[in-house]
Amino acid sequence: MSEFIIYHNPKCGTSRNALQGLRDGGVEPTIIEYLKNPPDRATLKKLIADMGVPVREVVRAKEDLYKELGLDDPAVGDEQLIDAMLAHPVLINRPIVVTPKGTLLVRPSERLAEIFP
């Protein structure tokens, strides 16, 4: 397994751009198509902790399901948000990139430069 991992959605332009940025930098990352192979609870929690961001920042609020499930309510806690992302991986914002320099939600794709030269 590569030291570089991308949680990737091939239908997402930002995710494709981040993947291409890694490849342009000479890296072939481990690609995890998280819609087909979603992370387990421990992995998702570790990714969020490694990014150092609030759980809510990792939830894809643009999905209709976000509002349908009532996740836009500020009273919804972190564990409920994680439960929703595990039950519906489409709610995981993307791409999440893991490099030796750190883990980051690479949105927009230019943010890749923060953890990958």
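Residues take their numbers from the sequence shown, with the count starting at 1. Everything numeric in this text was worked out from a predicted model, so none of it was measured.
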Asker: Which heavy atom of D72 sits nearest a heavy atom of K67, and at what distance?
Answerer: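 Looking at all heavy atoms of both residues, the shortest contact is OD2-CG, 3.8 Å.
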Asker: Identify, with sequence neighbours excluded, every residue that meets salt bridge (Lys or Arg N to Asp or Glu O under 4.0 Å) alongside R41.
Answerer: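 Salt bridge (Lys or Arg N to Asp or Glu O under 4.0 Å) check on R41 returns E79, D83.
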Asker: Check whether any side-chain N or O of S15 sits under 3.5 Å from a backbone N or O of N9 as a donor-acceptor pair, and report yes or no.
Answerer: yes
Asker: Any non-hydrogen side-chain atom of I6 less than 4.5 Å from a side-chain atom of I32?
Answerer: no
Asker: Side chains of residues 84-98: which donor-acceptor partners sit under 3.5 Å, not counting sequence neighbours?
Answerer:
unit_1	atom_1	unit_2	atom_2	d
N93	OD1	R107	NE	3.2

Asker: Can you find a heavy atom in the side chain of V106 that is under 4.5 Å from one in the side chain of T14?
Answerer: no
Asker: Indicate yes or no: at least one non-hydrogen side-chain atom of I5 is less than 4.5 angstrom from one of P29.
Answerer: no
Asker: Checking the side chain of E57 only, and the main-chain atoms of P54 only, is there a donor and an acceptor separated by less than 3.5 Å?
Answerer: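 Pair absent, no side-chain N/O of E57 close to backbone of P54.
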Asker: Not counting sequence neighbours, which residues clear salt bridge (Lys or Arg N to Asp or Glu O under 4.0 Å) with K46? List them please.
Answerer: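 By the salt bridge (Lys or Arg N to Asp or Glu O under 4.0 Å) rule, K46 matches D50.
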Asker: Check whether any side-chain heavy atom of R56 lies under 4.5 Å from a side-chain heavy atom of L81, and answer yes or no.
Answerer: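 Of all side-chain heavy-atom pairs linking L81 with R56, at least one is under 4.5 Å.
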Asker: Taking the side chain as everything from C-beta on, heavy atoms only, tell me whether F4 gets closer than 4.5 Å to T30.
Answerer: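 Answer no - side chains too far apart.
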Asker: Taking all heavy atoms of P39 and all of Y34, pick out the closest pair and write down the distance.
Answerer: CD-CB, 4.3 Å
Asker: Locate the shortest heavy-atom distance separating I82 from V55; write the atom from each residue and the value.
Answerer: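 Reported closest heavy-atom pair: CG1-CG1, 3.9 Å.
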